[in-house]
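Remember, predicted model here, so these are calculated numbers, not experimental data. By convention in this document, chain letters (A, B, ...) are assigned in the order of the sequence lines, proteins followed by strands, and residues within each chain are numbered from 1.
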Protein chains: 4
Amino acid sequence: MRADALRNRVRVLEAAEVVFAAKGVSASTEEIALLAGVGIGTVFRHFPSKEALLEAILLDRVAKLGAMARSLATSLDPGVALYGLFTRMVDQAVTKKTYVDALADAGFVSRIGRSQAGQEAVQALGALLVRAQQAGAVRDDIGVTELIALVVGASRAAEYATGNRAAQARTLQVVFDGLRHPDRSSGSEANDS
Amino acid sequence: MRADALRNRVRVLEAAEVVFAAKGVSASTEEIALLAGVGIGTVFRHFPSKEALLEAILLDRVAKLGAMARSLATSLDPGVALYGLFTRMVDQAVTKKTYVDALADAGFVSRIGRSQAGQEAVQALGALLVRAQQAGAVRDDIGVTELIALVVGASRAAEYATGNRAAQARTLQVVFDGLRHPDRSSGSEANDS
Amino acid sequence: MRADALRNRVRVLEAAEVVFAAKGVSASTEEIALLAGVGIGTVFRHFPSKEALLEAILLDRVAKLGAMARSLATSLDPGVALYGLFTRMVDQAVTKKTYVDALADAGFVSRIGRSQAGQEAVQALGALLVRAQQAGAVRDDIGVTELIALVVGASRAAEYATGNRAAQARTLQVVFDGLRHPDRSSGSEANDS
Amino acid sequence: MRADALRNRVRVLEAAEVVFAAKGVSASTEEIALLAGVGIGTVFRHFPSKEALLEAILLDRVAKLGAMARSLATSLDPGVALYGLFTRMVDQAVTKKTYVDALADAGFVSRIGRSQAGQEAVQALGALLVRAQQAGAVRDDIGVTELIALVVGASRAAEYATGNRAAQARTLQVVFDGLRHPDRSSGSEANDS
DNA sequence: GATGAATGAGACTTCATTCAT
DNA sequence: AATGAATGAAGTCTCATTCAT
């Protein structure tokens, strides 16, 4: 790929990330092109549809998340590693309306889940979760599906409490305490579908 | 207001609730009018804009929530009452795309929060929370703001896990366990802004 | 349907006919709206897509053609009637680029052929053809398919010779003479599919 | 001109012929470049506009047609030669949407008619026609203008009857019979403008 | 000379809102 | 008061053409 093309591709991706984050996925492609400093045609040259652009952004983020999870796979304290990663993911989501909007589309979610980057990320996250459970830092009755659902939910809760950092922190603390809470009922089993 | 006008108002409101719940707030007003069995002009006569219609729906729902919370104010077991209400709210939200969409708009949220119905609902919920805390069913370091944020977040988590009832249940259980049992290490205090 | 709506529908249809005739079917809907004196939205209210508008025009014309053929069904001299109708159809087509363009789309043609108006028109034309053949005015070895193909072709030939009326007349004369020409070879049979 | 440049020019021309034939003149230039195996810039270097490319194709074809007509000028049976050429032209046109589309533009037609290749082709075709008339194979009251119009029209008729070879054959037969045998009643004379 | 990325006008279509009936 | 036809701004996407590499 030519140098200028690559530069523009990155520019568009970054602009889209900013615009989607600020205004949600219903923001116009025109605005993205404007911010990126390119013509509208350039946006569509790199991404054949608005949906493809959105998918590229999310895949990129999922890939980074997967990389982060993998880099933590051998950490000495998997509990600290997992909760730190959880916190970071929530922090990121708060400033990105993108995920809230995009993840609301079930078709989207499953498509990303089936992608290679998505599967690798889930796998890495699952491995980290298992190690944290073995270390006694996370209850045993949940799987990676529940973990991700909790990340999504905690992100949404934090977004709701925008502007009140203390409340955000306490909300996240509740979730973390629930995750640590040993499972005494022992009647339910984790069962990822 | 004439009797038929009032009837139409109610019809529109109900139709809008159904349509928004099914297709999200981006559904067209035309579709709402169709389901309500009135002309599009009638919709706009009763609600000056689509946004006003959405706000009316949410206010209505918040009012009902407030009423429910008030009716539980004197229940013998405030813990059971609060967790039951929490569960019901999450269940509702899962089938109603409306809240997910609408609550994403911060301006909306604060406007509803400032409304009389909103303030009454918050107050009733807060009262129930305090009673549950006094009964030892909920940790002491959270306030009504955190409670609502957790409802919103748990709803989002449940929506994410659509189709996997077991995962939804386990996710909610984590939040409930976190609400019940604070870690001793945590020294933070409730501080609603 | 309301009076004003009907009036606008007719206006749009007439404007579309003019514009398509002048510039071909690739003319813009915007231009049609402009000529009709209505907003672009009105065009799409009456016809949900550009294709639907085009189809409406052609169906209207086919229906008129069918009516003409039926009104000639009992004429005393079916030969004169058929050649007269043939001539009129060619005359119309010359000023209407629409047909040339539209008929080039096979999907379109078959859709119109399957419509009620289309089938009625074909039937009426076929009846007139048979009567003309029985009267000895048209050779026996062709069917309605060949007749229509010849109308289309003669229209195209006339369009090619635009501006040269004498050549148009002689070209049409050749086709007519070929149609009258008795079939001596007698080895081929009409076989409409 | 450099050897590679010439090779590219030919490649583009051939690709354009194929693409236009298959998809009509509204096919994109990008697709042509792709099939030709060159960059889009190369297409525009050789032909300043899409229209110029189309014109080049048609001129090329007209030139070949002229050459064919000239090669038949001295054939022993000019009638057989003319009807054979006519048939071949129709056969070609059926598989080439190009002509149908392109010839619909009057400006195009006259420009090609005024070109050297065009005039030579018309002249050669005219000479063949005259010889066929002298041999008694074609009626006397038509000129080369009518002949070409009939080729165009017969091509269109054949295209309309796509998929029904028998109908195509009978339709062409009608035209040929008309060309051979004038009705005695007709007193019109050939008069090319 | 060749390439293909960039451009932006323009196409079709949707939809919240207005207004004549 | 109710209706629904009319409006037109705005959105996504295509493509002939230009120009930096």
Open item on the list: Both B:Gly37 and C:His46 contact DNA chain F. Which one's nearest nucleotide lies toward the 5' end?
Closed with: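 Comparing both residues, the 5'-ward one is B:Gly37.
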
Taking the side chain as every heavy atom from C-beta outward, state whether [X] and [Y] have any pair of such atoms under 4.5 Å apart.
X: D:Leu54; Y: D:Phe108; result: yes
X: B:Thr162; Y: B:Glu159; result: yes
X: D:Leu53; Y: D:Ile32; result: yes
X: D:Asn8; Y: D:Arg11; result: yes

TODO: Please tell me which of D:Val38 and A:Asn8 maps to the more 5' nucleotide of DNA chain E, matching each residue to the nucleotide holding its nearest heavy atom.
DONE: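 Going by which nucleotide is closer to the 5' end, it is D:Val38.
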
Task: Rounded interatomic separation in angstrom, taking CZ from D:Arg9 and P from E:dA2 - done: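 To the nearest whole Å, that distance equals 12 Å.
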
Task: For atom CG of D:Leu6 and atom C1' of E:dA2, their distance in whole Å - done: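 The answer, rounded to whole Å, is 15 Å.
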
TODO: Please find the earliest and latest nucleotides of DNA chain F, in the 5' to 3' direction, that have an atom within less than 4.0 Å of any heavy atom of chain C.
DONE: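 Answer, 5' to 3': F:dT3 to F:dA9.
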
TODO: Let me have DNA chain E in dot-bracket notation, would you? Count Watson-Crick plus G-U wobble pairs, both distances under 3.5 Å, and use [ ] for pairs crossing earlier ones and | for inter-strand partners.
DONE: .||||||||||||||||||||

Open item on the list: Taking side-chain hydrogen bond (donor to acceptor under 3.5 Å, both in side chains) as the cut-off, I'd like each qualifying pair that reaches into residues 30-42 of chain A, sequence neighbours left out, listed once.
Closed with: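 Listed by first then second residue: A:Lys23-A:Glu31.
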
So how far is it from [X] [atom1] to [Y] [atom2], rounded to the nearest 0.5 Å?
X: A:Tyr160; Y: B:Ser155; atom1: OH; atom2: OG; result: 11.5 Å
X: C:Leu6; Y: C:Arg9; atom1: CG; atom2: CZ; result: 8.0 Å
X: A:Leu59; Y: A:Lys64; atom1: CG; atom2: NZ; result: 12.0 Å
X: C:Leu13; Y: C:Asp60; atom1: CG; atom2: CG; result: 6.0 Å

- [ ] With sequence neighbours left out, write down each residue that passes side chain to side chain donor-acceptor pair (under 3.5 Å) with A:Arg2, or none if nothing qualifies.
- [x]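 Testing A:Arg2 for side chain to side chain donor-acceptor pair (under 3.5 Å), a comparison that skips the adjacent residues, returns A:Asp4.
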
Distances for protein N/O vs nucleotides 13-15 of chain E N/O pairs under 3.5 angstrom?
residue, atom, partner, partner atom, Å
E:dT13, OP2, C:Lys50, N, 2.9

Open item on the list: Enumerate the salt bridge (charged side-chain N to carboxylate O under 4.0 Å, His left out) contacts for residues 41-58 of chain A, please, sequence neighbours excluded, ordered by first and then second residue.
Closed with: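 Qualifying pairs: A:Glu51-A:Arg111, A:Glu55-A:Arg111.
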
Task: Closest nucleotide among E:dG1, E:dT7, E:dG4 to the A:Thr42 side chain - done: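 Closest nucleotide among those given: E:dT7.
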
